[in-house]
Chemist: 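Below is one structure. I have some questions about it.
All values below come from the heavy atoms of this structure, side chains included, with hydrogens, waters and symmetry mates left out. Both counts, for ligands and for their atoms, begin at 1 and track the order of listing.
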Amino acid sequence: MFSCVFREGNTYKNLVNGQWLESKSGERIKIYSPVDDSLVGEIQAQSKKDVDFAIDSAKKAQKAWAQTPISERANIIHKAARIMEKYEEEIADILMKEIAKSKSSAISEVKRTIDFIHFTAETAKRMTGETIYGDSFPGFDKTKISLVDRVPLGVILCISPFNYPVNLSASKIAPALVAGNSVVFKPPTQGSISAMYLGQIFCEAGIPAGVLNIITGKGSEIGDYLITHPEIDMINFTGSTEIGHRISNKAGMIPLLLELGGKDAAIVLEDCDLDETAQNIVKGAFNYSGQRCTAVKRVLVMEEIADELANKIVEQVEKLSVGKPEDDAQITPLISNKAADFVQELIDDAIEKGAKLLIGNKREKNYIWPTVFDNVTEDMRIAWEEPFGPVLPIIRVKNIEEAIEISNKSEYGLQGAVFTKNIDKAFAIAQKLEVGTVQINNKTERGPDHFPFLGVKASGLGTQGIRYSIEAMTRSKAIVINLDKDLQ
Ligand code: NAP
Ligand code: G3H
């Protein structure tokens, strides 16, 4: 039995082959808080040798783990969720410091993750295979029977982004593990410390050595080595479209699950409940300062009601507090100055090209005040690019056809929202939108986490969501029985 001590002081080690190890290179990365530049801790900068050892350990451990009865695997997963409750406050505290998430959102990320892990264990226990008889195909009879089971893929490389370092990591790791895979987990560098708690809780829950391994280090340095490693059987990635493309270009003939960027549009029709719509749009656009793949990233509103909607949006935005995570401010600093520079570029471009600034365009370091533009036109970058920050463009449209056209012109296709009291119109629009999910009368959002979650076009490949994730990280295995025809 190995000890589960994942840090010494504020230096964090990595779980590899059941032990908490330092990098063989001896190098570390200092993680500073985006809130006040204070040192949050130091993580290991792992080398290619560390990667080889982690993947080799995962490969060796996977076969025995796959043979472990699913109820036993599920018990360990459940236990990990219970252990996570013990760390709830500690993890939320680190999330506030490391990625500047507001206190209530940080707590909610941890609670949601605990629920996610339990639900995953339960779902896996209830998943079954199928029996198919040959006689439904012409020329065959019931003596030919296919028993179709689902089997694990092997070693899954899980890579997660900074904005939900705990939840979007657990939502890969737990389904992968419960399905009988082993995991090599690469957390986002800014977010590694929060994510490392997952190693700690699974270690305490008794995950066998080598079944879950963590690799930290900059994606720009070890990413390519990881994604092209011949012993990786599948990559489950959430992050930017840029890195998603890179992975799909470089990885070999292995399954990929990619959840990437978005430019979710809220289409607002004349007959909607304007107050509710404005509230939804503002929450959707500005939660965690807009740093969510599913944030509302543009509003396409019918001209007739555009003034009224814009006023109501501004009324809501005026109420948003800007400040520190520990004060539970709604708008907290962006993840880095570089991210804030990018958002500012989009704001400046919109102003230069004549967008009407309704509120915002104030910046101090990596704090960007919530900003809303009206009269945004298609020549502006903010109409198409994902700011990953607190900026909302309003584009006025003449009719539903124009709204659908602009929505579908985007390279992205994550989600869309339609606000109207006319369910027939909503349904007709929903069917035409080129996205993974359409929300009717609600902001775009991922949860509840057992729903399918997917992006089309540049927003992704494959489907997540508890059962869907388990399916994506397993494959069909058919055993065909050929009965003696004479005995029938
Ligand atoms: P990112 O820069 O793409 O990073 C995501 C992860 O990829 C990080 O762990 C990063 O490591 C790693 N990485 C970087 N270069 C790599 C390489 N060459 N090979 C392998 N991995 C590499 O994204 P982010 O800034 O963390 O997150 C924001 C983006 O994620 C936004 O575009 C957002 O829309 C998207 N997102 C999508 C979803 C969804 O479900 N659709 C959910 C959340 C976020 P380092 O941190 O070390 O660079
Ligand atoms: O950033 C992407 C997340 O998957 C969004 O999840 O809609 O629950 O904030 P959320």
Side-chain angles (χ1 to χ4, degrees), residues 29 31 43 45-46 51 98-99 101 105 108-109 112-113 116 157-165 167-169 171-172 184-192 195 214-229 232 235-251 256-264 283-297 334-336 338-339 342 385-389 412-415 417 435-437 439 442-449 451 453-465 469:
I29 301 170
I31 303 293
I43 59 162
Q46 280 173 301
V51 171
E98 194 180 19
I99 61 154
K101 191 164 266 196
S105 300
S108 124
E109 177 169 347
R112 177 180 182 175
T113 306
F116 185 102
L157 172 61
C158 298
I159 307 179
S160 53
F162 80 83
N163 65 334
Y164 280 93
N167 186 263
L168 288 179
S169 304
S171 63
K172 300 178 184 319
V184 174
F185 167 44
K186 150 77 182 92
T189 296
Q190 192 76 36
S192 293
I214 305 178
I215 291 289
T216 52
K218 295 207 169 112
S220 53
E221 287 166 19
I222 51 159
D224 286 359
Y225 191 69
L226 274 166
I227 61 181
T228 55
H229 201 289
I232 292 293
I235 302 175
N236 185 339
F237 171 83
T238 300
S240 63
T241 295
E242 186 194 342
I243 303 295
H245 270 305
R246 191 180 177 91
I247 291 174
S248 68
N249 287 333
K250 285 185 177 276
L256 300 178
L257 189 50
L258 305 175
E259 295 293 349
L260 311 174
K263 188 72 184 169
D264 295 0
K283 271 196 198 144
F286 296 106
N287 274 353
Y288 188 39
S289 312
Q291 297 172 114
R292 296 166 50 245
C293 57
T294 47
V296 173
K297 293 182 182 137
L334 294 189
I335 196 69
S336 64
K338 195 173 157 217
F342 177 69
E385 293 183 38
E386 179 187 46
F388 232 57
Y412 296 109
L414 191 56
Q415 291 203 348
V435 294
T437 304
Q439 304 272 350
N442 197 77
K443 63 186 185 303
T444 42
E445 63 187 5
R446 181 162 53 104
D449 291 332
F451 283 8
F453 180 63
L454 67 154
V456 301
K457 302 197 286 189
S459 288
L461 201 64
T463 305
Q464 301 213 60
S469 295

Chemist: Considering the heavy atoms of P188, write down every atom of ligand 1 situated less than 4.0 Å from one of them.
Modeler: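 Those atoms are 8 (C), 9 (O), 46 (O).
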Chemist: With rounding to the nearest 0.5 angstrom, report the CG to OG1 distance, L454 to T437.
Modeler: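 Rounded to the nearest 0.5 Å, the CG-OG1 separation comes to 5.5 Å.
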Chemist: Taking 4.0 Å as the limit for heavy-atom contacts, which would you say applies to I159 with ligand 1: side chain only, backbone only, both, or neither?
Modeler: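 I159 to ligand 1: side-chain contact only, backbone stays beyond 4.0 Å.
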Chemist: For atom 19 (N) of ligand 1, which of the options G223, S220, A295 provides the nearest non-hydrogen atom?
Modeler: G223
Chemist: Starting from atom 34 (O) of ligand 1, which protein heavy atom do you reach first, and at what distance in Å?
Modeler: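 That would be E386 OE2, 2.6 Å.
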Chemist: Is the closest heavy-atom distance from G460 to ligand 1 below 4.0 Å?
Modeler: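 It does not; every heavy atom stays at 4.0 Å or beyond.
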Chemist: Any idea which atoms of ligand 1 are less than 4.0 Å away from a heavy-atom of K218?
Modeler: 47 (O)
Chemist: Atom CG of L461 and atom CZ of F237: how far apart are they, to the nearest 0.5 Å?
Modeler: 12.0 Å
Chemist: Near G217, which atoms of ligand 1 are under 4.0 Å from a heavy atom of that residue?
Modeler: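 Counting atoms of ligand 1 from 1, those under 4.0 Å from G217 are 47 (O).
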Chemist: Nearest 0.5 Å, what's the NE2-CG distance between H245 and L258?
Modeler: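 With rounding to 0.5 Å, NE2 (H245) is 9.5 Å from CG (L258).
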Chemist: If you scan the protein for heavy atoms around atom 4 (O) of ligand 1, do you find one that is closer than 4.0 Å?
Modeler: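 Within 4.0 Å of atom 4 (O) of ligand 1, no protein heavy atoms are found.
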Chemist: How does N163 reach ligand 1, if at all, at less than 4.0 Å between non-hydrogen atoms: by side chain, backbone, both, or neither?
Modeler: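 Contact part for N163 vs ligand 1: side chain (C-beta onward).
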Chemist: So, K443 side chain and Q439 main chain: donor-acceptor pair closer than 3.5 Å or not?
Modeler: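 Side chain of K443 to backbone of Q439: no pair is present.
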Chemist: Output the list of atoms in ligand 1 that are nearer than 4.0 Å to some heavy atom of R246, sorted by atom number.
Modeler: 18 (N)
Chemist: For F453, is the nearest heavy atom under 4.0 Å from an atom of ligand 1?
Modeler: yes
Chemist: Contact between ligand 1 and P187 is defined here as a heavy atom of the residue under 4.0 Å from a ligand atom; is it met?
Modeler: yes
Chemist: Check ligand 1 against C293 and write out every atom of the ligand that is under 4.0 Å from a heavy-atom position of the residue.
Modeler: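 Going through ligand 1 atom by atom, the ones under 4.0 Å from C293 are 34 (O), 36 (N), 37 (C), 38 (C), 39 (C), 40 (O), 41 (N), 42 (C), 43 (C), 44 (C).
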Chemist: Below 4.0 Å, non-hydrogen atoms only: which portion of Y164 touches ligand 1? Side chain, backbone, both or neither.
Modeler: neither
Chemist: Measure from NZ or CZ of R292 to the centre of the six-membered ring of F286 and say whether it is under 6.0 Å with the direction within 45° of the ring axis.
Modeler: no
Chemist: Would you mind listing which atoms of ligand 1 come within a distance below 4.0 Å of any non-hydrogen atom of P161?
Modeler: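 Under 4.0 Å from P161, ligand 1 has these atoms: 26 (O), 27 (O), 43 (C), 44 (C).
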Chemist: Name the closest protein heavy atom to atom 30 (O) of ligand 1, giving the residue it belongs to and the distance to 0.1 Å.
Modeler: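 Heavy-atom neighbour on the protein nearest atom 30 (O) of ligand 1: G239 C, 3.0 Å.
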Chemist: What residues form a salt bridge (Lys or Arg N to Asp or Glu O under 4.0 Å) with K283, not counting sequence neighbours?
Modeler: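 Listed in chain order: nothing, the list is empty.
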Chemist: Does the ring of Y412 carry K457 above it, NZ/CZ under 6.0 angstrom from centre and within 45° of its axis?
Modeler: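 Not flagged: K457 not positioned over aromatic ring of Y412.
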Chemist: Where the closest heavy atom to atom 45 (P) of ligand 1 is concerned, which of T189, T238, L226 has it?
Modeler: T189
Chemist: Classify the contact between Q464 and ligand 1 as side chain, backbone, both or neither, using a heavy-atom distance cut-off of under 4.0 Å.
Modeler: neither
Chemist: Measure across L257 and T463 and return the closest heavy-atom pair with its distance rounded to 0.1 Å.
Modeler: CD1-N, 3.4 Å
Chemist: Run the ring-ring contact (aromatic ring centres under 6.0 Å, His included) test against Y225 and tell me which residues pass, sequence neighbours left out.
Modeler: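 Testing Y225 for ring-ring contact (aromatic ring centres under 6.0 Å, His included), a comparison that skips the adjacent residues, returns H229.
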Chemist: When you compare the side chains of T238 and K172, does any donor N or O come within less than 3.5 Å of an acceptor on the partner?
Modeler: yes
Chemist: State the atoms of ligand 1, each with its element, that fall below the 4.0 Å cut-off from a heavy-atom position in K186.
Modeler: 9 (O), 11 (O), 45 (P), 47 (O)
Chemist: Check each protein residue for a heavy atom under 4.0 Å from ligand 2 and list those that pass, ordered by chain and number.
Modeler: R112, N163, Y164, L168, R292, C293, T294, E445, R446
Chemist: How would you list, by chain and number, every residue that makes a salt bridge (Lys or Arg N to Asp or Glu O under 4.0 Å) with R246, sequence neighbours excluded?
Modeler: D224
Chemist: Using heavy atoms and a 4.0 Å limit, tell me yes or no: is L168 in contact with ligand 1?
Modeler: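 For ligand 1, residue contact (heavy atoms, under 4.0 Å) with L168 is present.
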Chemist: Test of understanding: given a 4.0 Å heavy-atom threshold, classify the contact between Q291 and ligand 1 as side chain, backbone, both, or neither.
Modeler: neither
